[in-house]
There are 2 protein chains.
Amino acid sequence: MSTIARTQTPQGGRTRRAILEKAVDIASAEGLEGLTIGRLATELSMSKSGLIGHFGSKEELQLAVVETAREIFLESVVMPAMKADEGAPRLLGLCSHWLAYARAERFRGGCFFSAAAAEFDGRPGPVRDRIVQLMREWLDGLEAVISDAKRLGHLHRDVDAKQLAFELHALEMGANWAFQLFGDREAPARAHRAIRERLAAVSLLLVEQ
Amino acid sequence: MSTIARTQTPQGGRTRRAILEKAVDIASAEGLEGLTIGRLATELSMSKSGLIGHFGSKEELQLAVVETAREIFLESVVMPAMKADEGAPRLLGLCSHWLAYARAERFRGGCFFSAAAAEFDGRPGPVRDRIVQLMREWLDGLEAVISDAKRLGHLHRDVDAKQLAFELHALEMGANWAFQLFGDREAPARAHRAIRERLAAVSLLLVEQ
DNA sequence: TGCGCAACCGAACGTTCGTTCGCTCTCTAG
DNA sequence: CTAGAGAGCGAACGAACGTTCGGTTGCGCA
(Lines give C-alpha, C1' and ligand atoms only; values in the text may rest on other atoms or scores of the structure.)
Protein backbone atom coordinates (compact mmCIF):
# COMPACT_ATOMS: atom_id res chain seq x y z
CA MET A 1 0.00 0.00 0.00
CA SER A 2 2.77 2.42 1.04
CA THR A 3 5.51 1.45 -1.42
CA ILE A 4 4.81 1.32 -5.11
CA ALA A 5 6.98 -1.70 -5.78
CA ARG A 6 5.51 -4.47 -3.64
CA THR A 7 7.69 -7.33 -2.50
CA GLN A 8 7.55 -10.46 -4.61
CA THR A 9 5.12 -12.99 -3.24
CA PRO A 10 7.15 -15.33 -1.02
CA GLN A 11 8.67 -18.43 -2.54
CA GLY A 12 7.68 -17.13 -5.95
CA GLY A 13 4.40 -18.99 -6.16
CA ARG A 14 5.98 -22.43 -6.35
CA THR A 15 2.88 -24.12 -4.94
CA ARG A 16 0.67 -22.32 -7.40
CA ARG A 17 2.88 -23.46 -10.23
CA ALA A 18 2.84 -27.06 -9.01
CA ILE A 19 -0.95 -26.97 -8.77
CA LEU A 20 -1.26 -25.69 -12.32
CA GLU A 21 1.17 -28.24 -13.77
CA LYS A 22 -0.84 -31.07 -12.27
CA ALA A 23 -4.13 -29.41 -13.19
CA VAL A 24 -3.26 -29.12 -16.89
CA ASP A 25 -2.30 -32.77 -16.89
CA ILE A 26 -5.58 -33.88 -15.34
CA ALA A 27 -7.66 -31.49 -17.43
CA SER A 28 -6.15 -32.75 -20.68
CA ALA A 29 -7.50 -36.20 -19.86
CA GLU A 30 -10.67 -35.57 -17.85
CA GLY A 31 -11.63 -32.16 -19.16
CA LEU A 32 -11.65 -28.75 -17.51
CA GLU A 33 -15.00 -29.48 -15.89
CA GLY A 34 -14.01 -32.99 -14.86
CA LEU A 35 -11.04 -31.39 -13.14
CA THR A 36 -12.21 -31.38 -9.54
CA ILE A 37 -10.82 -29.35 -6.68
CA GLY A 38 -11.04 -32.31 -4.32
CA ARG A 39 -9.35 -34.64 -6.76
CA LEU A 40 -6.63 -32.12 -7.47
CA ALA A 41 -6.05 -31.49 -3.76
CA THR A 42 -5.79 -35.20 -3.06
CA GLU A 43 -3.22 -35.78 -5.81
CA LEU A 44 -1.14 -32.91 -4.41
CA SER A 45 -1.62 -33.90 -0.77
CA MET A 46 -3.26 -30.58 -0.04
CA SER A 47 -6.52 -29.44 1.44
CA LYS A 48 -9.25 -28.16 -0.85
CA SER A 49 -9.32 -24.80 0.89
CA GLY A 50 -5.57 -24.34 0.77
CA LEU A 51 -5.64 -25.09 -2.92
CA ILE A 52 -8.52 -22.91 -4.03
CA GLY A 53 -7.11 -20.07 -1.94
CA HIS A 54 -4.57 -19.53 -4.69
CA PHE A 55 -7.27 -18.80 -7.24
CA GLY A 56 -10.49 -17.76 -5.53
CA SER A 57 -12.92 -19.87 -7.50
CA LYS A 58 -13.00 -22.84 -9.80
CA GLU A 59 -13.58 -20.65 -12.83
CA GLU A 60 -10.45 -18.63 -12.08
CA LEU A 61 -8.57 -21.88 -11.63
CA GLN A 62 -9.77 -22.99 -15.05
CA LEU A 63 -8.65 -19.72 -16.58
CA ALA A 64 -5.23 -20.10 -14.96
CA VAL A 65 -5.02 -23.65 -16.31
CA VAL A 66 -5.73 -22.35 -19.81
CA GLU A 67 -2.93 -19.77 -19.47
CA THR A 68 -0.53 -22.44 -18.26
CA ALA A 69 -1.40 -24.70 -21.17
CA ARG A 70 -0.80 -21.78 -23.50
CA GLU A 71 2.67 -21.18 -22.06
CA ILE A 72 3.59 -24.84 -22.42
CA PHE A 73 2.26 -24.88 -25.98
CA LEU A 74 4.26 -21.79 -26.87
CA GLU A 75 7.52 -23.21 -25.57
CA SER A 76 6.89 -26.68 -26.99
CA VAL A 77 5.68 -25.75 -30.46
CA VAL A 78 5.91 -22.09 -31.38
CA MET A 79 9.31 -21.17 -29.95
CA PRO A 80 11.18 -24.15 -31.44
CA ALA A 81 9.55 -23.47 -34.81
CA MET A 82 10.68 -19.84 -34.69
CA LYS A 83 14.30 -21.01 -34.89
CA ALA A 84 13.64 -22.18 -38.43
CA ASP A 85 13.96 -19.73 -41.31
CA GLU A 86 10.98 -17.61 -42.18
CA GLY A 87 8.52 -18.95 -44.72
CA ALA A 88 8.12 -22.59 -45.71
CA PRO A 89 10.73 -23.99 -43.26
CA ARG A 90 8.99 -22.27 -40.35
CA LEU A 91 5.60 -23.49 -41.53
CA LEU A 92 6.82 -27.06 -41.70
CA GLY A 93 8.47 -26.55 -38.32
CA LEU A 94 5.19 -25.49 -36.74
CA CYS A 95 3.44 -28.59 -38.04
CA SER A 96 6.29 -30.93 -37.12
CA HIS A 97 6.65 -29.60 -33.61
CA TRP A 98 2.90 -29.73 -33.11
CA LEU A 99 2.83 -33.40 -34.06
CA ALA A 100 5.86 -34.14 -31.89
CA TYR A 101 4.21 -32.37 -28.98
CA ALA A 102 1.01 -34.36 -29.40
CA ARG A 103 2.94 -37.60 -29.81
CA ALA A 104 5.23 -36.97 -26.85
CA GLU A 105 2.21 -37.05 -24.54
CA ARG A 106 3.37 -33.94 -22.75
CA PHE A 107 0.01 -34.31 -21.02
CA ARG A 108 -1.86 -37.45 -20.08
CA GLY A 109 -4.72 -36.71 -22.46
CA GLY A 110 -2.86 -35.40 -25.49
CA CYS A 111 -3.24 -31.84 -26.73
CA PHE A 112 -4.94 -29.80 -24.04
CA PHE A 113 -6.57 -27.39 -26.46
CA SER A 114 -8.11 -30.04 -28.68
CA ALA A 115 -9.84 -31.41 -25.62
CA ALA A 116 -10.77 -28.04 -24.15
CA ALA A 117 -12.13 -26.67 -27.42
CA ALA A 118 -14.40 -29.67 -27.87
CA GLU A 119 -15.54 -29.49 -24.27
CA PHE A 120 -16.34 -25.79 -24.15
CA ASP A 121 -17.62 -25.13 -27.66
CA GLY A 122 -21.16 -25.27 -26.34
CA ARG A 123 -20.75 -23.57 -22.96
CA PRO A 124 -20.77 -19.78 -22.78
CA GLY A 125 -18.57 -17.96 -20.31
CA PRO A 126 -15.11 -16.46 -19.89
CA VAL A 127 -13.34 -19.82 -20.15
CA ARG A 128 -14.85 -20.49 -23.54
CA ASP A 129 -14.11 -16.93 -24.64
CA ARG A 130 -10.44 -17.30 -23.77
CA ILE A 131 -10.15 -20.67 -25.53
CA VAL A 132 -11.77 -19.23 -28.64
CA GLN A 133 -9.36 -16.31 -28.55
CA LEU A 134 -6.29 -18.55 -28.27
CA MET A 135 -7.44 -20.88 -31.03
CA ARG A 136 -8.09 -17.85 -33.21
CA GLU A 137 -4.55 -16.64 -32.52
CA TRP A 138 -3.13 -20.03 -33.47
CA LEU A 139 -5.02 -20.18 -36.75
CA ASP A 140 -4.18 -16.56 -37.55
CA GLY A 141 -0.54 -17.30 -36.79
CA LEU A 142 -0.53 -20.25 -39.14
CA GLU A 143 -2.14 -18.10 -41.80
CA ALA A 144 0.46 -15.36 -41.31
CA VAL A 145 3.34 -17.81 -41.72
CA ILE A 146 1.75 -19.12 -44.90
CA SER A 147 1.43 -15.56 -46.20
CA ASP A 148 5.11 -15.01 -45.40
CA ALA A 149 5.98 -18.12 -47.38
CA LYS A 150 4.01 -16.77 -50.33
CA ARG A 151 5.69 -13.39 -50.09
CA LEU A 152 9.11 -15.06 -50.01
CA GLY A 153 8.28 -17.10 -53.07
CA HIS A 154 8.24 -20.41 -51.22
CA LEU A 155 4.60 -21.11 -52.03
CA HIS A 156 2.53 -20.40 -55.10
CA ARG A 157 1.08 -16.91 -55.02
CA ASP A 158 -2.46 -18.20 -55.64
CA VAL A 159 -2.47 -20.27 -52.44
CA ASP A 160 -5.46 -19.43 -50.22
CA ALA A 161 -3.74 -18.89 -46.86
CA LYS A 162 -6.87 -19.25 -44.76
CA GLN A 163 -7.87 -22.41 -46.57
CA LEU A 164 -4.43 -23.97 -46.19
CA ALA A 165 -4.25 -23.07 -42.51
CA PHE A 166 -7.61 -24.75 -41.98
CA GLU A 167 -6.44 -27.92 -43.70
CA LEU A 168 -3.14 -28.18 -41.82
CA HIS A 169 -4.85 -27.61 -38.52
CA ALA A 170 -7.50 -30.22 -39.31
CA LEU A 171 -4.83 -32.80 -40.08
CA GLU A 172 -3.05 -32.07 -36.82
CA MET A 173 -6.25 -32.45 -34.84
CA GLY A 174 -7.03 -35.66 -36.70
CA ALA A 175 -3.68 -37.06 -35.62
CA ASN A 176 -4.28 -36.17 -31.98
CA TRP A 177 -7.76 -37.65 -32.20
CA ALA A 178 -6.65 -41.01 -33.58
CA PHE A 179 -3.67 -41.14 -31.24
CA GLN A 180 -5.80 -40.56 -28.16
CA LEU A 181 -8.87 -42.57 -29.07
CA PHE A 182 -7.31 -45.61 -30.74
CA GLY A 183 -3.77 -45.33 -29.41
CA ASP A 184 -2.83 -45.30 -33.09
CA ARG A 185 0.90 -44.61 -32.94
CA GLU A 186 1.08 -44.21 -36.71
CA ALA A 187 -1.39 -41.34 -36.77
CA PRO A 188 1.18 -38.53 -36.36
CA ALA A 189 3.25 -39.99 -39.18
CA ARG A 190 0.14 -40.17 -41.35
CA ALA A 191 -0.68 -36.56 -40.65
CA HIS A 192 2.90 -35.56 -41.30
CA ARG A 193 2.84 -37.34 -44.64
CA ALA A 194 -0.42 -35.65 -45.60
CA ILE A 195 0.95 -32.24 -44.62
CA ARG A 196 4.21 -32.76 -46.53
CA GLU A 197 2.37 -33.80 -49.69
CA ARG A 198 -0.13 -30.97 -49.37
CA LEU A 199 2.69 -28.45 -49.04
CA ALA A 200 4.72 -30.03 -51.83
CA ALA A 201 1.78 -29.57 -54.19
CA VAL A 202 1.80 -25.79 -53.72
CA SER A 203 5.51 -25.35 -53.09
CA LEU A 204 8.10 -23.75 -55.31
CA LEU A 205 10.90 -25.18 -53.19
CA LEU A 206 12.01 -28.72 -52.57
CA VAL A 207 10.39 -29.66 -49.28
CA GLU A 208 13.16 -30.87 -47.04
CA GLN A 209 13.17 -34.14 -45.13
CA MET B 1 -41.81 -66.45 -18.49
CA SER B 2 -44.50 -68.90 -19.64
CA THR B 3 -44.86 -67.92 -23.26
CA ILE B 4 -41.80 -67.70 -25.47
CA ALA B 5 -42.98 -64.68 -27.40
CA ARG B 6 -43.46 -61.93 -24.86
CA THR B 7 -45.91 -59.18 -25.52
CA GLN B 8 -44.51 -55.95 -26.92
CA THR B 9 -43.84 -53.37 -24.25
CA PRO B 10 -46.93 -51.14 -24.11
CA GLN B 11 -47.04 -47.95 -26.20
CA GLY B 12 -43.90 -49.13 -27.96
CA GLY B 13 -41.46 -47.30 -25.73
CA ARG B 14 -42.50 -43.86 -26.91
CA THR B 15 -41.33 -42.20 -23.70
CA ARG B 16 -38.01 -43.97 -23.90
CA ARG B 17 -37.56 -42.73 -27.44
CA ALA B 18 -38.43 -39.16 -26.45
CA ILE B 19 -35.94 -39.31 -23.60
CA LEU B 20 -33.18 -40.50 -25.90
CA GLU B 21 -33.88 -37.89 -28.58
CA LYS B 22 -33.57 -35.12 -26.04
CA ALA B 23 -30.59 -36.80 -24.37
CA VAL B 24 -28.56 -36.96 -27.60
CA ASP B 25 -29.28 -33.30 -28.18
CA ILE B 26 -28.09 -32.28 -24.73
CA ALA B 27 -25.11 -34.64 -24.79
CA SER B 28 -23.88 -33.26 -28.11
CA ALA B 29 -23.57 -29.85 -26.47
CA GLU B 30 -22.76 -30.57 -22.82
CA GLY B 31 -21.10 -33.95 -23.15
CA LEU B 32 -22.22 -37.40 -22.07
CA GLU B 33 -21.01 -36.75 -18.54
CA GLY B 34 -22.49 -33.27 -18.41
CA LEU B 35 -25.78 -34.88 -19.38
CA THR B 36 -27.52 -34.98 -16.02
CA ILE B 37 -30.53 -37.06 -15.07
CA GLY B 38 -32.08 -34.18 -13.18
CA ARG B 39 -31.56 -31.76 -16.04
CA LEU B 40 -32.93 -34.25 -18.54
CA ALA B 41 -35.96 -34.94 -16.37
CA THR B 42 -36.70 -31.24 -15.98
CA GLU B 43 -36.55 -30.58 -19.72
CA LEU B 44 -38.96 -33.47 -20.28
CA SER B 45 -41.24 -32.55 -17.35
CA MET B 46 -40.60 -35.91 -15.74
CA SER B 47 -39.31 -37.10 -12.40
CA LYS B 48 -35.76 -38.36 -12.12
CA SER B 49 -36.91 -41.74 -10.89
CA GLY B 50 -39.46 -42.17 -13.65
CA LEU B 51 -36.82 -41.36 -16.20
CA ILE B 52 -33.97 -43.53 -14.99
CA GLY B 53 -36.42 -46.41 -14.56
CA HIS B 54 -36.23 -46.87 -18.33
CA PHE B 55 -32.51 -47.56 -18.22
CA GLY B 56 -31.46 -48.67 -14.76
CA SER B 57 -28.36 -46.55 -14.38
CA LYS B 58 -26.70 -43.53 -15.87
CA GLU B 59 -24.11 -45.66 -17.65
CA GLU B 60 -26.83 -47.66 -19.39
CA LEU B 61 -28.50 -44.40 -20.32
CA GLN B 62 -25.23 -43.21 -21.84
CA LEU B 63 -24.89 -46.43 -23.81
CA ALA B 64 -28.46 -46.05 -25.09
CA VAL B 65 -27.68 -42.46 -26.08
CA VAL B 66 -24.67 -43.67 -28.08
CA GLU B 67 -26.86 -46.23 -29.91
CA THR B 68 -29.44 -43.56 -30.68
CA ALA B 69 -26.79 -41.22 -32.04
CA ARG B 70 -25.53 -44.08 -34.19
CA GLU B 71 -28.98 -44.67 -35.67
CA ILE B 72 -29.42 -40.99 -36.45
CA PHE B 73 -25.98 -40.86 -38.01
CA LEU B 74 -26.70 -43.90 -40.15
CA GLU B 75 -29.94 -42.48 -41.49
CA SER B 76 -28.54 -38.97 -41.94
CA VAL B 77 -25.23 -39.81 -43.56
CA VAL B 78 -24.69 -43.43 -44.48
CA MET B 79 -28.09 -44.34 -45.92
CA PRO B 80 -28.39 -41.29 -48.19
CA ALA B 81 -24.86 -41.88 -49.45
CA MET B 82 -25.70 -45.49 -50.28
CA LYS B 83 -28.12 -44.27 -52.93
CA ALA B 84 -25.17 -43.00 -54.93
CA ASP B 85 -23.31 -45.33 -57.28
CA GLU B 86 -20.56 -47.47 -55.85
CA GLY B 87 -17.05 -46.06 -55.86
CA ALA B 88 -16.12 -42.41 -56.14
CA PRO B 89 -19.70 -41.04 -56.21
CA ARG B 90 -20.52 -42.88 -53.00
CA LEU B 91 -17.30 -41.67 -51.39
CA LEU B 92 -18.08 -38.08 -52.25
CA GLY B 93 -21.64 -38.68 -51.05
CA LEU B 94 -20.44 -39.84 -47.65
CA CYS B 95 -18.32 -36.73 -47.23
CA SER B 96 -21.00 -34.36 -48.50
CA HIS B 97 -23.74 -35.81 -46.34
CA TRP B 98 -21.43 -35.75 -43.34
CA LEU B 99 -20.77 -32.06 -43.84
CA ALA B 100 -24.44 -31.35 -44.44
CA TYR B 101 -25.33 -33.24 -41.26
CA ALA B 102 -22.81 -31.26 -39.25
CA ARG B 103 -23.91 -28.00 -40.79
CA ALA B 104 -27.62 -28.70 -40.37
CA GLU B 105 -27.14 -28.74 -36.59
CA ARG B 106 -29.18 -31.87 -36.25
CA PHE B 107 -28.02 -31.60 -32.64
CA ARG B 108 -27.42 -28.51 -30.57
CA GLY B 109 -23.71 -29.22 -30.23
CA GLY B 110 -22.85 -30.42 -33.72
CA CYS B 111 -21.63 -33.94 -34.43
CA PHE B 112 -22.32 -36.09 -31.40
CA PHE B 113 -19.42 -38.44 -32.01
CA SER B 114 -16.81 -35.75 -32.40
CA ALA B 115 -17.76 -34.48 -28.97
CA ALA B 116 -18.11 -37.91 -27.38
CA ALA B 117 -14.82 -39.19 -28.76
CA ALA B 118 -12.92 -36.22 -27.39
CA GLU B 119 -14.68 -36.51 -24.04
CA PHE B 120 -14.15 -40.23 -23.49
CA ASP B 121 -10.76 -40.80 -25.08
CA GLY B 122 -9.20 -40.73 -21.63
CA ARG B 123 -11.87 -42.52 -19.60
CA PRO B 124 -11.94 -46.33 -19.57
CA GLY B 125 -15.23 -48.20 -19.45
CA PRO B 126 -17.95 -49.67 -21.64
CA VAL B 127 -19.05 -46.27 -23.00
CA ARG B 128 -15.59 -45.51 -24.29
CA ASP B 129 -15.27 -49.03 -25.69
CA ARG B 130 -18.47 -48.63 -27.68
CA ILE B 131 -17.48 -45.22 -29.02
CA VAL B 132 -14.10 -46.59 -30.12
CA GLN B 133 -15.84 -49.48 -31.85
CA LEU B 134 -18.23 -47.22 -33.76
CA MET B 135 -15.48 -44.80 -34.81
CA ARG B 136 -13.45 -47.79 -35.99
CA GLU B 137 -16.42 -48.95 -38.05
CA TRP B 138 -16.80 -45.52 -39.63
CA LEU B 139 -13.13 -45.28 -40.59
CA ASP B 140 -13.12 -48.87 -41.86
CA GLY B 141 -16.24 -48.09 -43.89
CA LEU B 142 -14.61 -45.05 -45.45
CA GLU B 143 -11.58 -47.17 -46.26
CA ALA B 144 -13.72 -49.87 -47.86
CA VAL B 145 -15.50 -47.38 -50.10
CA ILE B 146 -12.13 -45.98 -51.17
CA SER B 147 -10.96 -49.50 -51.98
CA ASP B 148 -14.11 -50.03 -54.05
CA ALA B 149 -13.37 -46.84 -55.94
CA LYS B 150 -9.87 -48.11 -56.66
CA ARG B 151 -11.17 -51.49 -57.81
CA LEU B 152 -13.67 -49.77 -60.11
CA GLY B 153 -10.94 -47.64 -61.61
CA HIS B 154 -12.28 -44.39 -60.18
CA LEU B 155 -9.15 -43.71 -58.16
CA HIS B 156 -5.50 -44.38 -58.89
CA ARG B 157 -4.49 -47.88 -57.91
CA ASP B 158 -1.57 -46.61 -55.80
CA VAL B 159 -3.85 -44.65 -53.45
CA ASP B 160 -3.30 -45.61 -49.82
CA ALA B 161 -6.88 -46.22 -48.69
CA LYS B 162 -6.15 -45.98 -44.96
CA GLN B 163 -4.21 -42.76 -45.44
CA LEU B 164 -6.93 -41.16 -47.56
CA ALA B 165 -9.66 -42.20 -45.12
CA PHE B 166 -7.68 -40.58 -42.31
CA GLU B 167 -7.33 -37.34 -44.25
CA LEU B 168 -10.98 -37.09 -45.25
CA HIS B 169 -12.11 -37.79 -41.71
CA ALA B 170 -9.71 -35.19 -40.31
CA LEU B 171 -11.08 -32.54 -42.67
CA GLU B 172 -14.64 -33.36 -41.65
CA MET B 173 -13.79 -33.09 -37.98
CA GLY B 174 -11.97 -29.85 -38.63
CA ALA B 175 -15.11 -28.43 -40.21
CA ASN B 176 -17.25 -29.44 -37.25
CA TRP B 177 -14.65 -28.01 -34.87
CA ALA B 178 -14.51 -24.58 -36.55
CA PHE B 179 -18.26 -24.49 -37.00
CA GLN B 180 -18.94 -25.20 -33.34
CA LEU B 181 -16.14 -23.20 -31.74
CA PHE B 182 -16.12 -20.11 -33.94
CA GLY B 183 -19.54 -20.36 -35.50
CA ASP B 184 -17.61 -20.27 -38.76
CA ARG B 185 -20.34 -20.91 -41.31
CA GLU B 186 -17.81 -21.18 -44.11
CA ALA B 187 -15.99 -24.09 -42.50
CA PRO B 188 -18.05 -26.87 -44.11
CA ALA B 189 -17.51 -25.30 -47.52
CA ARG B 190 -13.79 -25.08 -46.86
CA ALA B 191 -13.66 -28.73 -45.89
CA HIS B 192 -15.72 -29.65 -48.93
CA ARG B 193 -13.34 -27.78 -51.17
CA ALA B 194 -10.32 -29.48 -49.61
CA ILE B 195 -11.95 -32.88 -49.99
CA ARG B 196 -12.89 -32.25 -53.62
CA GLU B 197 -9.39 -31.15 -54.52
CA ARG B 198 -7.81 -34.01 -52.61
CA LEU B 199 -9.99 -36.50 -54.46
CA ALA B 200 -9.47 -34.81 -57.81
CA ALA B 201 -5.74 -35.23 -57.41
CA VAL B 202 -6.04 -39.02 -57.23
CA SER B 203 -9.10 -39.44 -59.42
CA LEU B 204 -9.32 -40.91 -62.88
CA LEU B 205 -12.84 -39.51 -63.32
CA LEU B 206 -14.09 -35.97 -63.54
CA VAL B 207 -15.28 -35.16 -60.05
CA GLU B 208 -18.82 -33.92 -60.37
CA GLN B 209 -20.14 -30.65 -58.94
C1' DT C 1 11.53 -9.27 20.05
C1' DG C 2 7.25 -8.61 18.22
C1' DC C 3 3.93 -7.52 14.35
C1' DG C 4 1.78 -8.69 10.08
C1' DC C 5 0.81 -11.35 6.35
C1' DA C 6 0.61 -15.19 3.39
C1' DA C 7 0.09 -20.22 3.26
C1' DC C 8 -2.44 -23.73 4.61
C1' DC C 9 -5.57 -26.68 7.25
C1' DG C 10 -9.96 -28.85 9.10
C1' DA C 11 -14.71 -28.43 9.44
C1' DA C 12 -18.82 -27.20 7.85
C1' DC C 13 -22.07 -25.06 4.58
C1' DG C 14 -25.78 -25.63 0.88
C1' DT C 15 -26.41 -27.80 -3.56
C1' DT C 16 -26.51 -31.31 -6.83
C1' DC C 17 -25.34 -35.72 -8.23
C1' DG C 18 -26.97 -40.88 -9.10
C1' DT C 19 -29.68 -44.19 -7.00
C1' DT C 20 -33.32 -46.56 -4.17
C1' DC C 21 -37.75 -47.21 -2.18
C1' DG C 22 -42.68 -47.44 -1.80
C1' DC C 23 -46.73 -45.78 -3.60
C1' DT C 24 -50.45 -44.70 -7.15
C1' DC C 25 -52.21 -44.91 -11.34
C1' DT C 26 -53.74 -47.28 -15.94
C1' DC C 27 -53.89 -50.43 -18.82
C1' DT C 28 -54.55 -55.51 -20.46
C1' DA C 29 -54.93 -60.61 -20.16
C1' DG C 30 -57.43 -64.19 -18.25
C1' DC D 1 -64.39 -58.57 -12.65
C1' DT D 2 -60.13 -59.11 -11.06
C1' DA D 3 -55.03 -59.81 -10.85
C1' DG D 4 -50.75 -58.32 -12.43
C1' DA D 5 -47.42 -55.69 -14.76
C1' DG D 6 -45.49 -51.47 -16.40
C1' DA D 7 -45.16 -46.36 -16.08
C1' DG D 8 -44.38 -42.78 -13.39
C1' DC D 9 -44.09 -39.91 -9.07
C1' DG D 10 -42.30 -37.93 -4.59
C1' DA D 11 -39.26 -38.44 -0.96
C1' DA D 12 -35.17 -39.74 0.72
C1' DC D 13 -30.28 -41.57 0.86
C1' DG D 14 -25.09 -41.03 0.80
C1' DA D 15 -21.51 -39.08 -1.67
C1' DA D 16 -19.23 -35.42 -3.97
C1' DC D 17 -19.32 -30.90 -5.53
C1' DG D 18 -17.63 -25.68 -4.90
C1' DT D 19 -17.26 -22.45 -1.39
C1' DT D 20 -16.73 -20.16 3.21
C1' DC D 21 -14.92 -19.52 7.72
C1' DG D 22 -11.92 -19.45 11.72
C1' DG D 23 -7.69 -20.92 13.35
C1' DT D 24 -2.63 -22.25 13.22
C1' DT D 25 1.87 -22.04 11.47
C1' DG D 26 6.07 -19.84 9.87
C1' DC D 27 8.68 -16.46 7.61
C1' DG D 28 10.14 -11.44 6.71
C1' DC D 29 10.52 -6.89 8.31
C1' DA D 30 10.59 -3.17 11.72
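To find a chain, count down the sequence lines: A is the first, B the second, and so on, and within it residues start at 1.
We find that CD1 of A:Ile19 is positioned 10 Å from P of C:dA7, with the value rounded to whole Å. Residue B:Leu35 contributes atom CG, which lies 17 Å from atom P of C:dT16 at whole-angstrom precision. Between the CZ atom of A:Arg39 and the P atom of D:dC17 there is a distance of 10 Å, given to the nearest Å. Between B:Leu51 atom CG and D:dG8 atom P there is a gap of 9 Å when expressed in whole angstrom units. For the pair A:Ile52 CD1 and D:dC21 P, the computed distance is 15 Å after rounding to whole Å. The CD atom of B:Glu33 sits 14 Å away from the C1' atom of C:dT16 (whole-angstrom rounding). Here D:dT19 presents its C1' atom at 16 Å from CG of A:Leu40, a figure rounded to the nearest Å. Between B:Met46 atom CE and C:dC25 atom P there is a gap of 18 Å when expressed in whole angstrom units.
Relative to the side chain of B:Ile37, the nucleotides C:dT19, C:dC8, D:dT20 differ in distance, and C:dT19 lies closest. Checking D:dT20, C:dT19, C:dC8 against the side-chain heavy atoms of B:Lys58 singles out C:dT19 as nearest.
Enclosure of atom NZ in A:Lys162 is not indicated, since only 12 or fewer non-hydrogen atoms of other residues, nucleotides or ligands lie within 6.0 angstrom.
Side chain A:Ser49 to base C:dG10: a donor-acceptor pair is found below 3.5 Å. Taking 3.5 Å as the limit, the base of D:dG10 and the side chain of B:Lys48 contain no donor-acceptor pair of atoms between them.
For the pair A:Arg70 and A:Phe73, the cation does not sit on the ring face, since its NZ or CZ is not both under 6.0 Å from the ring centre and inside 45° of the axis.
The residue B:Thr36 sits close only to the backbone: its heavy atoms come under 4.0 Å of sugar-phosphate atoms, none of a base. If you check every strand for non-hydrogen atoms under 4.0 Å, A:Ser45 touches sugar and phosphate atoms only.
The aromatic ring centres of A:His169 and A:Trp98 sit 6.0 Å or more apart. Annotation: B:Phe113 is not in aromatic contact with B:Trp138 [ring centroid separation under 6.0 Å not met].
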* Start with the C-alpha distance between A:Arg198 and B:Glu167, add both sets of side-chain angles, then the distance that settles side-chain contact (heavy atoms from CB on, under 4.5 Å), and finish with yes or no. => CA-CA 11 Å; A:Arg198 180 68 178 90; B:Glu167 293 179 27; over 6 Å; no
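Phosphate contact (OP1/OP2 of D:dG8, side-chain N/O of B:His54, threshold under 4.0 Å): present.
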